[in-house]
Structures are given as C-alpha cells and as structure tokens.
Amino acid sequence: MTDPVQPVEVSVPSESGFGFTLKTRLASSLGRTGTIHTPHGDIRTPAFIAVGTKATVKAVLPETMAELGAQAVLANAYPLYLQPGSDIVDGAGGLGAFMNWSGPTFTDSGGFQVMSLGVGFKKVLAMNTAGLGNDEVIAEGKSRLAQVDDDGVTFTSHRDGSKHRFSPEISMRIQHELGADIIFAFDECTTLMNTRGYQERSLARTQAWAGRCLAAHDQLTSLRAHRPYQALFGVVQGAQYEDLRRKASQDLATLTINGRGFDGYGIGGALEKENLGAIVGWVCDELPESAPKHLLGISEPDDFFVAIENGADTFDCVSPSRVARNAALYTRDGRFNVNTAQQRRNFTPVDSDCDCYTCANYTRAYLHHLFKAKEMLASTLCTIHNERFIVRLVDDIRASIDAGTFAEFKQDFLGRYYA
RNA sequence: GGCAGGUUGCCCGAGCGGCCAAUGGGAGCGGACUGUAAAUUCGCCGGCAUCGCCUUCGCAGGUUCGAAUCCUGCACCUGCCA
C-alpha cells in the first residue's frame with residue numbers, strides 16, 4: 001500500500017529570494033513535496049494558503065492564523081484597490097506589514113472578479129453540477145458589475161457605483177504596490193455555463209493578457225528593485241477541455257519577455273469536481289516540473305487528494321472561513337452544521353481529534369449558543385477550527401508523501417470522512 | 001362613573017364581507033456555500049394529507065349564499081375625562 005518515495009534533485013533558491021525546492025515525489029503519480037522560498041519565508045508544500053481577501057482573514061487575528069499553522073495568506077487586488085487603495089498598502093510597506101502578517105503573502109489579480117461580478121454575478125458557482133447551457137445568453141445579463149473586452153475589464157464598484165478599469169498592466173501595477181511575494185497574472189476566470197466557443201475566445205484573451213502581464217511585471221520589477229522580489233505566476237485556463245488546457249500550459253511555459261518567464265503557475269477556472277484531477281494532471285504534465293503550481297479556489301478534502309496526486313502544490317480557498325461563519329464545521333467524520341437543534345446539548349468538542357484552540361476549550365453546545373445568540377465570537381471560534389482543520393489536512397498529506405504512506409492516508413481519511 | 005380604542009397563528013403585526021389557512025417581520029426547523037459584493041443565502045413554518053379535506057383570527061350568539069372582517073351580549077386590556 002505504501003507509495004515508494006523518489007529522491008529529488010534539489011534546486012537552490014535564486015538570489016532574488018524566490019525559488020522552489022523539490023523534496024520527494026510519489027512514484028505512481030505527479031504528487032510531490034517541496035518548499036517555496038520567498039523573501040518573507042518558506043512555504044512547505046503541498047500547502048493550504050488561507051484567504052484574507054481584504055487583507056484580513058475574516059474574524060481572526062493574523063497571530064492566530066500563524067499559531068494554527070497557516071504558512072501564507074492570499075489577498076485580492078480588486079477589493080484592496082477599491083478600499084483602501086493599493087497606494088496606501090504600498091505606503092504601509094506592503095501587504096504583510098499593513099496587516100501585521102510577517103510570513104509569505106499572495107495576491108490574486110482581480111481575475112476572479114471578472115467572473116464573480118460578470119457572468120457569475122448573483123449566481124452560485126456550482127462545482128458539482130453539470131454545466132447548464134449556453135453562456136453567451138446568460139453572459140449578457142445587464143445588472144452585472146463587470147464587462148470584459150479584449151483589452152481589459154470595466155468594473156462597476158458595488159460600493160458607490162463608480163467605474164473602474166482593470167487591464168493586465170493595471171493589475172500588475174496594483175499587485176506591485178500591494179507587494180505580495182507571489183502575484184498572479186490577470187486572467188478571465190470562466191464558469192461551467194460557458195460554451196466551448198466562449199472558452200476558446202476567453203482563453204485566447206487570457207493568454208494575450210499573460211504576455212502583457214509578464215512585460216509589465218518585468219518593467220515594474222526593474223523600477224521597484226529596492227522592494228523585495230515578487231514572483232509572478234501565470235494562470236492556466238481552458239475549462240474542461242484537454243486540448244485547450246495542454247496548449248495553454250505549453251504556451252505559458254515557453255513564454256518569456258526579456259528572458260523572464262513565469263516563476264510558477266496558477267490553475268484556474270470553475271471546475272467540475274469530476275474533472276478536477278484530470279485537468280490538474282494535464283496542466284502539470286505540460287508545465288515544468290521545477291515550477292510550483294497553485295490550484296486556485298479549491299479546499300474540499302477529497303479535492304486536495306486528487307489535486308495533489310496530479311501535481312498541485314498549493315491551494316487557496318474562501319470556503320473554510322466562509323462556511324465557518326455560517327456554522328458549518330469540518331470534522332474527521334465529515335462536515336456538519338453546529339447551529340442545528342441536535343447540537344444544543346452536545347457538550348463535546350467539534351472534533352475530538354482536532355488540536356485547535358476551539359476544540360481544546362469549547363463545546364458544540366457553546367458554539368451552537370453563540371450562533372443562536374448571534375454573537376460574533378461564533379465566527380472567530382469556528383473559523384479557527386475550520387482553518388486549522390484544512391491547514392492540518394494538507395500538512396498531513398505532505399507528511400504522508402514524505403513518509404511514503406500517502407495511499408494509506410488517503411484511503412483512511414476519505415473512508416472516514418465520507419462514511 | 002363617562003367617552004374612545006383594542007383583543008389575529010410561538011411572538012410582534014397587516015387584513016376590515018367572498019381572490020384568507022390569512023401580507024410582513026422575528027423566533028423555530030432544515031439546506032447550501034470551493035482564486036469572498038457572503039456574520040450571506042435558500043426552503044419549511046395550524047393539522048392530516050395526492051388533488052384535497054379538517055380546525056383557526058378573545059368568548060357566546062346573530063345577520064348573510066358566504067364573516068377574521070357587519071350586529072348583539074360577555075370577558076379582559078389601553079388611553080383621555082371625572
């Protein structure tokens with residue numbers, strides 16, 4: 001049952017302070033462990049990156065995130081550009097300094113908002129359901145807050161209705177001001193509702209933007225040489241189509257501007273759960289092994305195993321935090337809602353196998369009470385638990401790869417979680 | 001003692017002859033949430049149940065083809081005047 005571990009040649013981080021070192025590799029799949037080196041510290045991979053969109057992991061102190069084992073946090077360019085403004089974050093000394101997080105940071109490009117405020121506006125981003133029909137009709141909704149064209153995106157601020165223009169160059173400029181260690185190319189995140197035709201056109205656009213991002217990034221890196229080095233990850237789109245995904249990966253892998261290529265890659269798009277492993281596999285198969293790969297927006301337990309086996313190194317997702325604020329908690333025996341009547345008199349911890357602060361000190365009955373009483377401590381305690389649960393799960397997967405017990409760990413964990 | 005107003009489903013509160021098992025909130029119950037417009041959101045919420053049937057709008061009578069809605073009496077509550 002053990003999966004033989006293969007030794008891996010070690011690459012040394014460059015003088016920029018950024019680099020990726022492989023440690024072990026599974027013999028039977030693309031799964032591997034390693035370390036991403038950044039100017040603000042290392043990230044041992046696979047790793048779950050906590051999301052703090054607006055420079056805060058909602059309801060939790062940064063110190064608490066560090067204590068529960070989060071290695072890095074990811075914020076988002078678009079919301080921070082709207083408020084407080086990337087110049088202010090820049091003035092504070094960058095994202096980490098601004099939010100009092102001393103470890104590595106990521107920022108997303110605003111590409112997700114092209115979808116969530118555009119075609120996906122007011123829709124649930126279903127990952128389990130088969131795609132509905134034609135997007136192009138759905139995509140023409142009038143009330144949406146984002147309009148895409150080949151040059152960029154026009155956003156309407158949800159806060160005051162003001163119009164804002166994002167382009168690859170603008171996203172790069174903002175992300176340089178935010179100053180995260182790892183930043184993403186500006187892309188269009190498509191949905192399951194899009195047609196093949198739309199996916200092709202959107203992908204062509206995203207690929208063109210990738211080149212523009214790289215060029216802008218190269219320039220900004222020179223201009224801001226006094227700042228810590230920022231690594232740029234290109235984002236692979238192409239939906240569920242193998243040919244599109246492979247071609248997109250190849251093109252990004254070979255793209256260089258002034259001798260500079262991408263430092264790593266993101267894998268994006270709304271993905272059907274059933275295709276997740278295949279898609280990640282196609283992409284990682286085409287991209288250089290030596291590059292770190294970040295799967296954007298994924299955090300269900302079964303998804304981690306599948307994605308890691310297929311070569312993904314890091315993940316970020318709002319789910320552990322959002323779901324916690326809505327009373328859903330992860331346990332080794334599956335997910336449950338702590339606000340149901342069933343938990344009213346349950347004086348046991350959320351998960352007796354959990355080592356988080358919440359499980360060490362509080363009962364389900366108390367958390368149930370906090371939700372019913374609408375006390376904000378509910379969000380804090382539940383977020384601590386969920387973030388710890390997910391961070392630890394990925395840490396455990398990493399340990400199992402190094403120990404050669406990945407297959408057993410996977411079987412044990414999933415067997416119990418989905419029993 | 002006089003005058004006026006009120007009593008609606010767990011709570012608050014609309015309705016003022018038929019389209020009313022009865023609008024809205026809240027509470028309660030359950031679900032969803034995957035690069036965060038999310039402390040959000042969606043169902044259910046008298047009973048039994050397949051359309052449908054049965055019992056509800058303080059209590060008791062009455063008018064009417066038909067009443068939560070109109071009339072009479074009773075009970076309780078609230079203002080103002082004594």
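Predicted model only: the values in this text are computed from it and were never measured. Naming convention: chains lettered A, B, ... in sequence-line order (proteins, then strands); numbering from 1 in each chain.
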* To do: Verify the contact: side-chain N or O of S379(A) to OP1 or OP2 of rA39(B), cut-off strictly under 4.0 Å; return yes or no.
  => no
* Nearest of rC33(B), rA39(B), rG30(B) to any side-chain atom of A328(A)? -> rC33(B)
* Lys/Arg N to Asp/Glu carboxylate O, D285(A) vs R245(A), below 4.0 Å -> no
* Cationic tip of R364(A) within the cone over F347(A)'s six-membered ring, i.e. under 6.0 Å and within 45° of the normal? -> no
* **Base rG35(B) to side chain Q237(A), donor-acceptor N/O within 3.5 Å cut-off** => yes
* Among rG28(B), rA37(B), rA38(B), which is the nearest nucleotide to the side chain of K372(A)? -> rG28(B)
* **Closest nucleotide among rU36(B), rA27(B), rG35(B) to the K374(A) side chain** => rA27(B)
* Quantified in whole Å, what is the P atom distance between nucleotide rU56(B) and nucleotide rU40(B)? -> 40 Å
* **Watson-Crick or G-U wobble mate for rG5(B), both contacts under 3.5 Å** => rC77(B)
* Euclidean distance for P, rG47(B) against rA39(B) (whole angstrom) -> 33 Å
Might you list the N or O atoms of the protein lying below 3.5 Å from N or O atoms in nucleotides 42-47 of chain B, with each pair's distance?
none

* Structure fact -> R344(A) atom CZ is separated from rA27(B) atom C1', nearest whole Å, by 13 Å
* Taking CG from N386(A) and P from rA32(B), how many angstroms apart are they, rounded to a whole number? -> 14 Å
* Asked: rA39(B), rC29(B), rC33(B): which one has an atom nearest the side-chain heavy atoms of R335(A)?
  -> rC33(B)
* To do: Taking atom C1' in both rG25(B) and rU69(B), compute the distance separating them and give it to the nearest angstrom.
  => 23 Å
* Asked: Step by step, would you call I170(A) with Q175(A) a side chain to side chain contact (heavy atoms under 4.5 Å, CB included)?
  -> CA-CA 8 Å; I170(A) 294 168; Q175(A) 291 192 78; over 6 Å; no
* Quick one: Y265(A) OH to rG35(B) C1', roughly how many Å, whole number? -> 19 Å
* Inspect the contact between E300(A) and K273(A) and indicate whether a charged nitrogen and a carboxylate oxygen are less than 4.0 angstrom apart. => no
* Atom pair distance, as rounded to whole Å: CG in N339(A) and C1' in rA27(B) -> 14 Å
* To do: Fit a plane to each ring of H369(A) and Y366(A), take the angle between them on a 0 to 90° scale, and name the class: parallel (under 30°), tilted (30 to 60°) or perpendicular (over 60°).
  => tilted
* Asked: rU36(B) base to S319(A) side chain: any donor-acceptor pair below 3.5 Å?
  -> no
* Looking at NE2 of H385(A) and SG of C354(A), how far apart are the two atoms once the value is rounded to the nearest 0.5 Å? -> 5.0 Å
* To do: Write down the distance separating the P atoms in rA68(B) and rA22(B), rounded off to the nearest Å.
  => 13 Å
* Residue N326(A), side-chain heavy atoms: nucleotide from rC33(B), rU36(B), rG35(B) that is nearest -> rC33(B)
* To do: Determine, for R392(A) against D395(A), whether the closest basic-nitrogen to carboxylate-oxygen distance falls under 4.0 angstrom.
  => no
* **Residues S321(A), R325(A); criterion side-chain hydrogen bond (donor to acceptor under 3.5 Å, both in side chains); working and verdict** => CA-CA 6 Å; S321(A) 140; R325(A) 269 174 277 123; 2.8 Å; yes
* Asked: Base, sugar-phosphate, or nothing: which does L295(A) touch, judged by heavy atoms less than 4.0 Å apart?
  -> nothing
* **Rounded distance in Å - NZ (K58(A)) to P (rA39(B))** => 6 Å
* Would you indicate, yes or no, if rG35(B) has its OP1 or OP2 atom less than 4.0 angstrom from a side-chain nitrogen or oxygen of S109(A)? => no
* Asked: Is T340(A) touching bases, backbone alone, or none of the nucleic acid, heavy atoms closer than 4.0 Å?
  -> sugar-phosphate
* **P spacing across the pair rC44(B) / rG24(B), given as an integer number of angstrom** => 11 Å
* Closest nucleotide of RNA chain B for T56(A) versus for Q342(A): which of these residues is on the 5' side? -> Q342(A)
* With rounding to whole Å, what would you report as the distance between rG61(B) and rG28(B) at their P atoms? -> 39 Å
* To do: Could you note down all residue pairs passing side chain to side chain donor-acceptor pair (under 3.5 Å) where residues 59-68 of chain A supplies at least one of them, sequence neighbours left out?
  => E63(A)-N100(A)
* Asked: For Q113(A) and rA37(B), is the shortest distance between a side-chain N/O and OP1 or OP2 below 4.0 Å?
  -> yes
* Asked: When you measure from the side chain of N337(A), which nucleotide among rA39(B), rG30(B), rG31(B) comes out closest?
  -> rG31(B)
* Does rA49(B) pair with anything, Watson-Crick or G-U wobble, both distances under 3.5 Å, and if so, with which nucleotide? -> none
* **Who pairs with rC44(B) - Watson-Crick or G-U, where each distance is under 3.5 Å** => rG28(B)
* **Salt-bridge contact K293(A)-D313(A) (side-chain N to carboxylate O under 4.0 Å)** => no
* Asked: When you compare rU41(B) with rG46(B), how far apart are their P atoms, in angstrom units rounded to a whole number?
  -> 23 Å
* To do: Specify the separation, in whole Å, of atom CZ of R322(A) and atom P of rA37(B).
  => 7 Å
* To do: Using atom CG of L296(A) as one end and atom P of rU36(B) as the other, report the distance to the nearest whole Å.
  => 9 Å
* What does rG17(B) pair with, Watson-Crick or G-U, if both distances are under 3.5 Å? -> none
* P-based separation of rG15(B) from rG9(B) [nearest Å] -> 16 Å
* How close or far is atom C1' of rG35(B) from atom CG of D187(A), stated in whole angstroms? -> 8 Å
